[in-house]
There are 2 protein chains.
Amino acid sequence: MKHTIKDVAAYAGFSIATVSRAINAPHTVNRVTLAKIRDAIEALQFRPSPLGRQLRGERTRLIGVVLPTLANPVFAECLQGIDDLAASQGYRLMLMTTQYDADRERHAIETLLAQRVEGLILTVADADTHPLLDELDRDGSLYVLMHNDTARRPSVSVDNRRAAFDGVRMLIEHGHEHVLMLAGTLAESDRARLRYRGYTEAMKLAGLTPRPALEVDFNADELSPAVLAHLTSGPARPTALFCSNDLLAMVVMRGLRRARFSVPEDMSILGFDGLAVGELLSPPLASICAPNREIGCAAWQRLIARIEGADDGDSLSLTLPHTLRKGATVTALSGAAGTALPAQPLA
Amino acid sequence: MKHTIKDVAAYAGFSIATVSRAINAPHTVNRVTLAKIRDAIEALQFRPSPLGRQLRGERTRLIGVVLPTLANPVFAECLQGIDDLAASQGYRLMLMTTQYDADRERHAIETLLAQRVEGLILTVADADTHPLLDELDRDGSLYVLMHNDTARRPSVSVDNRRAAFDGVRMLIEHGHEHVLMLAGTLAESDRARLRYRGYTEAMKLAGLTPRPALEVDFNADELSPAVLAHLTSGPARPTALFCSNDLLAMVVMRGLRRARFSVPEDMSILGFDGLAVGELLSPPLASICAPNREIGCAAWQRLIARIEGADDGDSLSLTLPHTLRKGATVTALSGAAGTALPAQPLA
DNA sequence: TTGAAAGCGCTAACAT
DNA sequence: ATGTTAGCGCTTTCAA
């Protein structure tokens with residue numbers, strides 16, 4: 001990797017211009033010249049430096065990816081989809097994670113733009129109120145949001161409100177009247193709000209009373225006394241929990257187990273995300289599934305379409321269908337409200 | 001991001017050299033000049049392009065990361081550790097995944113070197129027999145392996161042989177005499193070999209007979225008839241399974257459940273990797289834990305030490321300590337060999 | 001068909 | 001303290 005186009009030119013006995021042509025437009029150079037240059041390239045193990053090209057204002061074929069964290073497999077799944085497409089299309093990825101921190105989001109975006117990425121794929125905490133995104137729009141920087149659920153910006157996600165609505169309705173159809181929503185501490189995201197709205201609407205539509213979402217500490221081994229109190233609160237005690245994401249659902253399940261609850265007999269659990277590992281749990285986690293990999297792929301395709309000018313020019317945000325995974329953590333309730341009776345698990 | 005140093009110079013009324021100095025060595029320029037230039041930079045929203053610097057042969061502050069996949073959280077955990085350090089130290093990451101494919105490994109490494117990364121952090125399928133790594137050594141390209149367990153190259157990992165040995169010995173100490181090792185289909189890695197060796201040695205040391213590792217399809221919902229046959233094979237039927245990684249262990253647990261085995265009553269399970277999600281399982285997965293995040297961080301630090309010349313100059317490979325996570329999927333066997341009796345789970 | 005030369009954004013001698 | 005200039009690796013007119 002240490003040789004430059006000059007070395008090749010000298011070695012082959014031609015000018016650097018001809019070498020450049022031999023590489024980028026082989027048909028414009030003489031057959032024997034071409035052969036000699038190719039030999040030289042081979043002999044010297046020459047690989048053209050993208051830096052020179054990039055500086056010339058050619059394309060960098062660099063895409064920036066900004067994600068909150070990789071500790072949540074949701075994002076790892078997306079990223080895997082993106083990476084596969086990137087590799088097959090000759091793009092390179094620059095990755096930065098933000099831990100949901102606004103400063104790190106800003107820093108990541110600026111760093112990536114400075115590096116002259118051709119576009120950005122990002123998941124931010126809150127897309128609607130994000131001043132940086134307005135800047136990007138103004139500057140004409142190309143980007144696509146993933147998972148951020150907003151109609152105002154180019155984005156790919158599921159319909160979070162509707163998905164939550166469907167999930168909670170499913171719980172209600174299974175006889176649950178006291179459904180409580182649990183959220184992580186990092187709940188201040190557009191998605192979290194929409195999911196809560198979906199929960200609220202499903203409850204109201206059924207004539208039930210939505211309650212405020214309960215915050216749960218992601219990192220605690222056990223459920224806090226405050227949370228436990230909510231779970232055992234007399235006649236209105238919840239029989240089903242709607243967790244705002246799968247990781248949270250798993251933490252909650254462990255907490256319930258330690259507190260001697262059994263799932264789903266004492267408490268039904270519904271997650272959100274459709275993590276692959278959820279299916280490996282025992283019992284397998286019921287979840288509102290987003291097609292994470294496809295979201296990544298779709299975001300990629302839209303971005304590349306815009307970059308390569310083939311802008312489909314259609315509506316900004318793309319909504320992919322969600323599905324309900326009927327895991328065994330949700331069971332039907334056949335008795336009076338608030339009383340869990342033996343019941344068959346979902347198919 | 002569209003303005004160059006020239007624009008700033010023109011706007012401020014100085015030469016580009018002075019602007020450059022204002023940015024890189026502020027103390028060498030007049031206070032009022034500096035102020036004007038900073039105003040110009042602010043007004044124009046100028047951010048120096050790394051490309052120019054990089055082309056000048058300055059440092060790129062780019063690090064390449066090559067991983068088999070992000071679908072296995074082992075690698076996502078490492079990457080998270082790397083990314084945090086990179087962000088705090090002003091480096092940028094270029095990521096490529098290989099799906100354990102040798103061609104993709106080669107392609108990734110070449111692409112990254114062409115981009116003039118200052119160093120590589122990689123996990124390859126098999127470090128010992130990898131011709132590319134020899135090339136890197138020859139070219140003086142800096143790299144550090146993660147998880148690859150080899151003394152011949154710069155690497156950070158646990159002692160896979162010893163870790164497997166410890167794990168299997170633990171199973172034996174719990175009364176298991178028929179321990180079978182299960183491996184995924186992508187088993188041709190240095191780690192897999194060493195883990196099998198550890199298994200073998202632990203068995204032999206206890207006077208037991210190691211068996212060939214049994215291959216399991218990662219993607220199947222159910223265990224294959226062939227595998228099931230091995231699990232129920234008369235008097236020598238295994239009472240404990242040592243799975244070569246946690247993801248496999250989880251798949252196997254699900255397969256066992258579907259086949260009406262219960263864990264750990266009918267079969268003890270020990271995984272390898274120490275995935276965070278393993279602890280959220282029910283029962284929590286016993287595992288030989290590698291400090292994945294720390295492995296990523298340590299690899300980073302060694303690479304940066306070499307890049308920045310502060311090469312600690314010590315031994316090539318760094319071995320981090322593994323731990324045994326005594327999950328409830330392993331139980332003591334108190335009766336005759338091959339017969340599972342009721343027994344208390346591990347603490 | 002090939003070569004000479006300019007220039008992409010930046011830094012670092014060298015000059016003033 | 002500031003400016004001039006050369007050059008990093010490459011592509012691309014423009015000439016020959």
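Just so we're clear, the structure is a prediction, and the values are computed from it rather than from any experiment. Order of the sequence lines sets the chain letters (A, B, ...), proteins ahead of strands, with each chain counted from 1.
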Check: Okay, side chain of B:Asp139, backbone of B:Ser141: is any donor-acceptor separation there less than 3.5 Å?
Finding: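 It does not hold such a pair.
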
Check: Are any of the side-chain heavy atoms of A:Ile121 and A:Leu93 separated by less than 4.5 Å?
Finding: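 No, too far: nothing below the 4.5 Å cut-off.
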
Note to self: Counting C-beta onward and ignoring hydrogens, is there a side-chain heavy-atom pair between A:Asp84 and B:Thr97 closer than 4.5 Å?
What the structure shows: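 A side-chain contact under 4.5 Å exists here.
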
Margin query: Among residues at least two apart in sequence or on other chains, which ones pass salt bridge (charged side-chain N to carboxylate O under 4.0 Å, His left out) with A:Arg61?
Written below: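 Applying salt bridge (charged side-chain N to carboxylate O under 4.0 Å, His left out) to A:Arg61 gives none.
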
Next item on the list: Find the distance between CD1 (B:Ile109) and CG (B:Leu133) and round it off to the nearest 0.5 Å.
Entry: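 With rounding to 0.5 Å, CD1 (B:Ile109) is 6.0 Å from CG (B:Leu133).
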
Next item on the list: Measure the distance from CD1 on B:Ile37 to P on D:dT2 and round it to the nearest whole Å.
Entry: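 It works out to 8 Å between those atoms.
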
Next item on the list: Do nucleotides 7-16 of chain D as a string where each nucleotide becomes B, S or -: B if the base has a protein heavy atom under 4.0 Å, S if just the sugar-phosphate does, - if no protein is that close.
Entry: BBBBBBB---

